[in-house]
Colleague: 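Okay, here's the structure, questions in a sec.
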Amino acid sequence: MAFRTARNLAYFSNYIRNYSTNGPLVNVTVNEKSGFATATLQRPSVNSLNLELLTEISHTLQQLEKNKCRGLILTSASNKVFSAGLDLFELHKPNADKIKQMWSTLQEVWIKLYGSSYPTVAVVNGHAPAGGCMLALSCEYRVMLNNFIIGLNEAQIGFSAPMWLIDGMRNTIGSRQAEFALTAGTLFKTEEALKIGLVDEVAQSKEEAIEKAEKFLNKFAKIPPHARSMTKAALRGANIQALVRNKDEEVRSYVDFVTDSQFQDSLGEFIELNLKQKLSK
Ligand SMILES: CCCCC/C=C\C/C=C\C=C\CC(=O)SCCNC(=O)CCNC(=O)[C@H](O)C(C)(C)COP(=O)(O)OP(=O)(O)OC[C@H]1O[C@@H](n2cnc3c(N)ncnc32)[C@H](O)[C@@H]1OP(=O)(O)O
């Protein structure tokens, strides 16, 4: 078992340090005492999810799994935005091959994070719309700072969240609340998100949020890791298997959908209305 000896721990920490130097978009550090890893998203300025960031998140999760990570805290280097979701500029007039890879990597990220054997917490220290909310939802616990927004606003942009993400939302806030939230594409303020159970705790500062996250991870200190991960797999496995079975078909329909002129028009309007940076005509 990794981390049983100081030597193993030192090896893993060095490994992660080496790895993090190769990954400029995700910084990974390991607390040598607790063995918990913190993965900090740091793609300027809003951690919008393009292929490069998604690929790095996916590799990070793979390495953490391989090294039998004891717990993960996922957070953002920005003090305003956890993640702004998919990079909307990369979805506009896209190259079909790149979009295909992007969607497939997004699915991989979900499968690895939602299905990780180790416990996971999102420290949501900024806004988390759409894909940002997806990252938070795929963790087991969410601690959010005040005065930000979180939710799946896909309906507002002109599409439906995929089935696996709807499952994640339902499993977290229940079917009734999920139907209200998803059909309206609601973005919740921190306090509202707490009320419906979309986040578990609110913190006033990032330090406090990290403390709460570590407290959650420490709850598993005396639980045999294999029993914990088997139970998690039993609870989440069916949703993950459903995506695995439908992965390629979903990528095809997503590429068709995103490259269609009707979607491109509504995306263009959304960007012009909602984002400061505009499209070059
Ligand atoms: C088969 C069909 C399947 C369909 C598939 C459906 C779903 C699948 C699962 C997940 C999919 C998710 C979809 C998405 O994630 S779509 C992305 C949705 N994101 C948003 O709606 C967020 C838009 N942004 C904002 O609301 C605000 O920017 C935000 C609240 C995040 C921050 O506000 P703030 O005022 O602090 O900052 P701004 O000045 O607005 O922005 C700063 C800077 O960042 C740029 N930017 C913001 N968001 C994005 C983005 N998503 N992509 C790219 N760039 C973004 C913004 O333009 C500013 O740029 P600049 O002016 O500094 O250059």
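These numbers were taken from a predicted model, which means no experiment stands behind them. Ligands are counted one by one from 1 in listed order, and the atoms in each one are counted from 1 as well.
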Colleague: Of the side chain and backbone of V46, name the one, both, or neither that has a heavy atom under 4.0 Å from an atom of ligand 1.
Modeller: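 Contact part for V46 vs ligand 1: side chain (C-beta onward).
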Colleague: Could you check whether any heavy atom of N274 sits closer than 4.0 Å to an atom of ligand 1, since that is the contact criterion I want to use?
Modeller: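 No heavy atom of N274 comes that close to ligand 1.
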Colleague: Determine whether the side chain, the backbone, both or neither of S160 has a heavy atom under 4.0 Å from any heavy atom of ligand 1.
Modeller: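 Contact part for S160 vs ligand 1: backbone (N, CA, C, O).
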Colleague: Side chains of T190 and V124: closer than 4.5 Å at any heavy-atom pair?
Modeller: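 The answer is no, as the side chains (C-beta and beyond) never meet within the 4.5 Å cut-off.
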Colleague: Please give me the minimum heavy-atom distance between F82 and A128, naming the atom from each residue.
Modeller: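 Scanning both residues completely, I find the closest heavy atoms to be CD2-CB, 3.9 Å.
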Colleague: Would atom 58 (C) of ligand 1 count as contacted, meaning some protein heavy atom under 4.0 Å?
Modeller: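 Within 4.0 Å: no protein heavy atom nearby.
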Colleague: Could you label the plane-to-plane angle of the W110 and W164 rings as parallel, tilted or perpendicular, counting under 30° as parallel and over 60° as perpendicular?
Modeller: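 It falls in the tilted class, 30° to 60°.
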Colleague: For atom 44 (O) of ligand 1, decide whether some protein heavy-atom distance is shorter than 4.0 Å.
Modeller: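 Flag for atom 44 (O) of ligand 1 set to true, protein heavy atom closer than 4.0 Å.
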Colleague: Less than 4.5 Å apart, any side-chain heavy atom of Y141 and any of E201?
Modeller: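 Yes, at least one pair of side-chain atoms sits under 4.5 Å.
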Colleague: May I ask whether atom 37 (O) of ligand 1 is less than 4.0 Å from at least one protein heavy atom?
Modeller: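 It does not; no protein heavy atom is within 4.0 Å.
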Colleague: Hey, can you tell me if Y254 and W103 have their rings parallel, tilted or perpendicular (30° and 60° cut-offs)?
Modeller: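 Taking W103 first and then Y254, their aromatic rings lie parallel (interplane angle under 30°).
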Colleague: Do protein heavy atoms approach atom 26 (O) of ligand 1 to less than 4.0 Å?
Modeller: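 There is no protein heavy atom less than 4.0 Å from atom 26 (O) of ligand 1.
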Colleague: So, does E154 sit close enough to ligand 1 that a heavy atom of it is under 4.0 Å from the ligand?
Modeller: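 True for this residue.
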